[in-house]
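Heads up: the structure comes next, in structure tokens.
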Amino acid sequence: MSSGTRTLVSPLTLARPRGKALYWTVFTAVVLLFALAFLFPVYWMVTGAMKSPDEVTRTPPTLVPQAWHLSGYTDAWDLMDLPTHLWNTVVQAAGAWLLQLVFCTAAAYALSKLKPAFGKVILGGILATLMVPAQALVVPKYLTVADLPLIHTSLLNDPLGIWLPAVANAFNLYLLKRFFDQIPRDVLEAAEIDGAGRLRTLWSIVLPMSRPVLGVVSIFALVAVWQDFLWPLMVFSDTDKQPISVALVQLSQNIQLTVLIAAMVIASIPMVLMFLEFQRHIIAGISAGSAKG
């Protein structure tokens, strides 16, 4: 009995010119269909901002703008004060990402490799918070941020109101812990023999090996803050400090549809660039890990 892997198209069929041509035709068609399904909404949004207000609401819609207008993007940039709100979003997302990486990584490393007392109980309590609906935590979280216990300070209209709640991310902590569990103990013992302390081992050994999962956690952390609407709306009553997700809704009442679409396109560009950047790091981390393995 052959131990080879069975495929949809046999190697014998692929060896024939007709079979090979049919295979690549079907493969190319499927790839193009998937690319079209993903890219067409982006094209529709980008070109929708370049249409006139009458054309963008026309039925049936036009596939290509009859006249290309860039004024939608310039008006969105100026009228909706996008630079201010984009900068607010960058500050809030970057702070939440940095604090989450530092504290979640430290906690996951401690639970995985340092084996503290009652570590399993602590991990169970952290995972139990995943079963609580996010909506049920909004009110107690708001009361805590509005009057911080012990020091009785309000974090409303302050980026700390976004940063501190974002640090307590049980899912990302568990994701990091599961990855750290897979790191061979022999590697850490070799570092201890060479005189490396626990902090040095984390910084020089564990973190370089964890680039793939750190890239994934970074994407989750940044996207969660960037696309969040309800919590920033409750924290920031000052319009000048609101992130882009809240500002687009608050300022869309008296704005033309084409200008609003253009603002959405501009707001999505940083997320696309961020994903492409971290995607490169994830692939590089996986390649490095496979080369070392």
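Everything numeric here is computed off the predicted structure, so don't read it as measured data.
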For Leu127, all residues meeting side chain to side chain contact (heavy atoms under 4.5 Å, CB included), sequence neighbours excluded: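 Partners of Leu127 by the side chain to side chain contact (heavy atoms under 4.5 Å, CB included) criterion, ordered by chain and then number, come out as Leu123, Leu130, Tyr174.
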
Flag the pair Asp181 and Lys177 as a salt bridge only when some basic side-chain nitrogen lies within less than 4.0 angstrom of an acidic carboxylate oxygen.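 Yes, this pair counts.
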
Give a yes or no on whether a salt bridge exists between Glu192 and Arg200, defined as a side-chain N under 4.0 angstrom from a carboxylate O.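 No.
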
With rounding to the nearest 0.5 Å, note down the distance linking [atom1] in [X] to [atom2] in [Y].
{"X": "Thr84", "Y": "Gln242", "atom1": "OG1", "atom2": "CD", "answer": "12.0 Å"}
{"X": "Leu260", "Y": "Thr258", "atom1": "CG", "atom2": "OG1", "answer": "9.0 Å"}
{"X": "Gln256", "Y": "Ser52", "atom1": "CD", "atom2": "OG", "answer": "9.5 Å"}
{"X": "Leu233", "Y": "Gln250", "atom1": "CG", "atom2": "CD", "answer": "5.5 Å"}
{"X": "Gln100", "Y": "Asn172", "atom1": "CD", "atom2": "CG", "answer": "4.5 Å"}
{"X": "Leu137", "Y": "Trp231", "atom1": "CG", "atom2": "CH2", "answer": "10.0 Å"}

Leu207: which of Leu101, Thr105, Thr201 passes side chain to side chain contact (heavy atoms under 4.5 Å, CB included):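 Only match with Leu207 under side chain to side chain contact (heavy atoms under 4.5 Å, CB included): Thr105.
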
Assess, by modelled atom type and distance only, whether the side chains of Trp226 and Thr89 contain a donor and an acceptor separated by less than 3.5 Å.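 No, Thr89 and Trp226 have no side-chain donor paired with an acceptor closer than 3.5 Å.
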
Of all heavy-atom pairs between Ala263 and Leu248, which one has the smallest distance, and what is that distance?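 Scanning both residues, the minimum pair turns out to be CB-CD2, 3.5 Å.
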
Short side-chain to backbone donor-acceptor contact, [X] and [Y], under 3.5 Å:
{"X": "Lys113", "Y": "Phe180", "result": "yes"}
{"X": "Trp163", "Y": "Gln92", "result": "yes"}
{"X": "Thr129", "Y": "Ile126", "result": "yes"}

Do Trp44 and Phe40 have ring centres separated by under 6.0 Å?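 So the answer is yes for these two rings.
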
Please name all residues satisfying salt bridge (Lys or Arg N to Asp or Glu O under 4.0 Å) with Glu55, sequence neighbours left out, ordered by chain then number.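 Glu55 satisfies salt bridge (Lys or Arg N to Asp or Glu O under 4.0 Å) with no other residue.
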
